[in-house]
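The block underneath contains the structure these notes are about, expressed in structure tokens.
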Amino acid sequence: MPDKKPGTQMAGAAASLAIDRRGGINLAAYHRDLLARMADGRDRDAFREIFEYYGPRVKSWLVKSGSDSALADDLMQDVMMTVWRKVDLYNPKYGAASTWIFTIARNARIDRLRRSSSQPYLDVETIELASDEADGEDETFANQRAELVAEALAELPDEQKQVMELAFMEDLAQSEIAEKLSVPLGTVKSRMRLAYGKLRSKLEVLQ
Amino acid sequence: MTIAHHLDDATVLRYAAGDLDEAFAIVVSSHVAMCDQCRKAVRDAETAGGLLMEDVSPAPLGEGAFERMMERIETVGEEGSIRAKAKPPAPAQPGLPAPLARYIGSSLEDVKWRTVAPGVRKCDISLPTKTGSSLFLLQINSGMSIPEHGHGGDEMTLVLKGAYRDEFGRFGAGDIADLDEHIEHQPHVEPDGPCTCLVAAQTPTRFRGLLMRLLQPVFGI
Ligand SMILES: [Zn+2]
């Protein structure tokens, strides 16, 4: 995996999030509709669009996680097949299409790259779907949350963005992040707490 | 259920990123199964994960990737598809969250308890994957105290039944003590009944001082 300068890539990411913000929201709504068409009518054209957008991203993300290109292709196919098969379980009130597809990719990464088990995550998902309580949340609420999370990410200081990126995109354990950055483990933890605190304070307006 | 003690923010992010090993993931998901607040927190962290994933520069897939995958789907058929909403897991007894029930069965009373010290019973939960952590249930009699101790590594304790009290307050059913290795505490079990907890602990790489060695036989780690 090529070494990159700390924060460089995220600076780009933050910029594109900011620029795309308005368009990004529309894109999120469009992707939600595509998933709905897949669920309602097994619409293959809708699936093709989802595949063409997310497939290359899931693959790239898996390569960043340490997978070689052939395995990443294979896993990406598994992830996208799961998207097709489980699309009936996608509930827009719990998050954007990207959130849902991320969880499927993460679970595949846990099962296949980390050789652990994603079962605990699946059980929580089942509980969430079964409870489906009338908690006043809906799609609009989920969209607002996603928008605020994007804002928070774009505003994170570089060193906090960097730990988020290393954890979520490069699949590094906390201790590996500490090693890579040559900082104590406690520093990684506190940067993560600060990053999450930023998310939380952004979201407070919705509580 | 009123839950007073929640996941550390760093733990929420690690869980959402998939960084916890199976032992810790089971304890966290068991708490998340009982706690609306942490379930939302995890969802927000997963939203961040989705946005970060969306933002990577796409990797080319090669000609005909979609058609190849559709062929695979057609070969396997739609049998793997979920056309109906998933059924909730079989109802477990109160205080026994589904992610845990999967590993120990549907009753806390029916697990194989062994007495490790007077008033302390333990049940090791074996996991299909090998990790550097252990997962076990502890049942401590009412009125008992555990001597002041630190931990040889990260440790998470989820209260399933009963309650204990320590420097950080009262921990009742659903509460989680998400402690890192530098924290020392001295739990006292409340008088009204035994306290049953689910514990994930990093296998200690070093032992600090006499107390830790004294506790070792108690926890058997
Ligand atoms: Zn909680």
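So you know, we letter chains A, B, ... as the sequences are listed, proteins then strands, and number each from 1. No experiment lies behind these values; they were computed from the predicted model shown.
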Are B/Arg72 and A/Asp78 close enough for a salt bridge, meaning some N to O gap below 4.0 Å?
-> yes
Sort A/Ala105 into side chain, backbone, both or neither according to what part of it lies under 4.5 angstrom from a heavy atom of chain B.
-> side chain
Contact part of A/Met164 toward chain B, heavy-atom cut-off under 4.5 Å: side chain, backbone, both or neither?
-> both
Charged N-O contact under 4.0 Å between A/Arg106 and B/Asp19 = no
So how far is it from A/Arg57 CZ to B/Met53 CE, rounded to the nearest 0.5 Å?
-> 9.0 Å
Nearest 0.5 Å please: distance from the CG atom of B/Leu127 over to the OG atom of A/Ser117.
-> 9.0 Å
Heavy-atom distances under 4.5 Å only: say whether A/Arg48 touches chain B with side chain, backbone, both or neither.
-> both
Flag yes if more than 12 heavy atoms outside A/Gln144 fall under 6.0 Å of its CD atom; otherwise flag no.
-> yes
Between the side chain of A/Lys59 and the main-chain N/O of B/Pro60, is any donor-acceptor distance below 3.5 Å?
-> yes
Reported OH-to-CD distance for the pair A/Tyr94 and B/Glu46, which is rounded to 0.5 angstrom | 12.5 Å
Considering only heavy atoms, which portion of A/Ser116 lies under 4.5 Å from any heavy atom of chain B: side chain, backbone, both, or neither?
-> both
Side-chain ion pair, A/Lys189 and B/Asp8, N-O less than 4.0 Å | no
Mark yes when over 12 heavy atoms from residues, nucleotides or ligands other than B/Glu67 sit less than 6.0 Å from its CD; otherwise mark no.
-> yes
The interface call for A/Tyr53 against chain B, heavy-atom contacts under 4.5 Å, is side chain
Applying a strict 4.5 Å limit to non-hydrogen atoms, the region of B/Tyr103 in contact with chain A is side chain
To the nearest 0.5 Å, atom CZ of B/Arg14 lies from atom CZ of A/Phe168 at 11.5 Å
Could you check which of A/Arg115, A/Met192, A/Glu52, A/Gln119 has the highest count of heavy-atom pairs closer than 4.5 Å to chain B?
-> A/Gln119
Would you find a donor on one side and an acceptor on the other, under 3.5 Å apart, between the side chain of A/Tyr121 and the backbone of B/Tyr15?
-> yes
A/Ala96, part contacting chain B, at a heavy-atom distance under 4.5 Å | neither
Would you indicate whether the side-chain heavy atoms of A/Phe102 and B/Thr47 approach each other to under 4.5 Å?
-> no
Grab the two heavy atoms, one from B/Ser57 and one from A/Ser60, that are nearest each other, plus how far apart they are.
-> O-OG, 2.8 Å
Option that, when pairs with chain B are counted at under 4.5 Å, heavy atom only, ranks first among A/Trp61, A/Phe51, A/Tyr54 | A/Phe51
First locate atom CD of B/Glu54, then atom OG1 of A/Thr99, and finally report the distance between them rounded to the nearest 0.5 Å.
-> 8.5 Å
Name the member of A/Met80, A/Arg109, A/Glu125, A/Met81 that forms the most heavy-atom pairs with chain B at distances under 4.5 Å.
-> A/Met81
Can B/Glu74 and A/Arg44 be counted as an ion pair, charged N to O under 4.0 angstrom?
-> yes
Tightest non-hydrogen contact, residues A/Asp171 and B/Ala17, listed as OD1-O, 4.4 Å
Proximal component of B/Val12, with respect to chain A [non-hydrogen, under 4.5 Å] = side chain
Report the C-alpha separation of B/Asp21 and A/Arg114 in whole Å, then their side-chain angles, then the decisive distance to 0.1 Å, and conclude whether the side chain to side chain contact (heavy atoms under 4.5 Å, CB included) test is met.
-> CA-CA 9 Å; B/Asp21 67 24; A/Arg114 288 208 169 205; over 6 Å; no
Comparing A/Val149, A/Leu122, A/Val188 against chain B, the one with the most heavy-atom pairs below 4.5 Å turns out to be A/Val149
Check whether A/Asp111 gets within reach of chain B through its side chain, its backbone, both or neither, counting any heavy atom under 4.5 Å.
-> neither
Pick whichever of B/Ala41, B/Pro128, B/Ala33 has the most heavy-atom pairs under 4.5 Å with chain A.
-> B/Ala41
Tell me, for A/Leu148 versus chain B, whether the close heavy atoms (under 4.5 Å) come from the side chain, the backbone, both or neither.
-> neither
Atom of B/Ala98, atom of A/Ile127 and distance for their closest heavy-atom approach = CB-CD1, 3.9 Å
Heavy-atom distance under 4.5 Å to chain B: side chain of A/Leu199, backbone, both or neither?
-> side chain
Could you give the distance from CG (B/Asp154) to CG (A/Leu185), rounded to the nearest 0.5 Å?
-> 7.5 Å
Less than 4.5 Å apart, any side-chain heavy atom of A/Ile110 and any of B/Glu22?
-> no
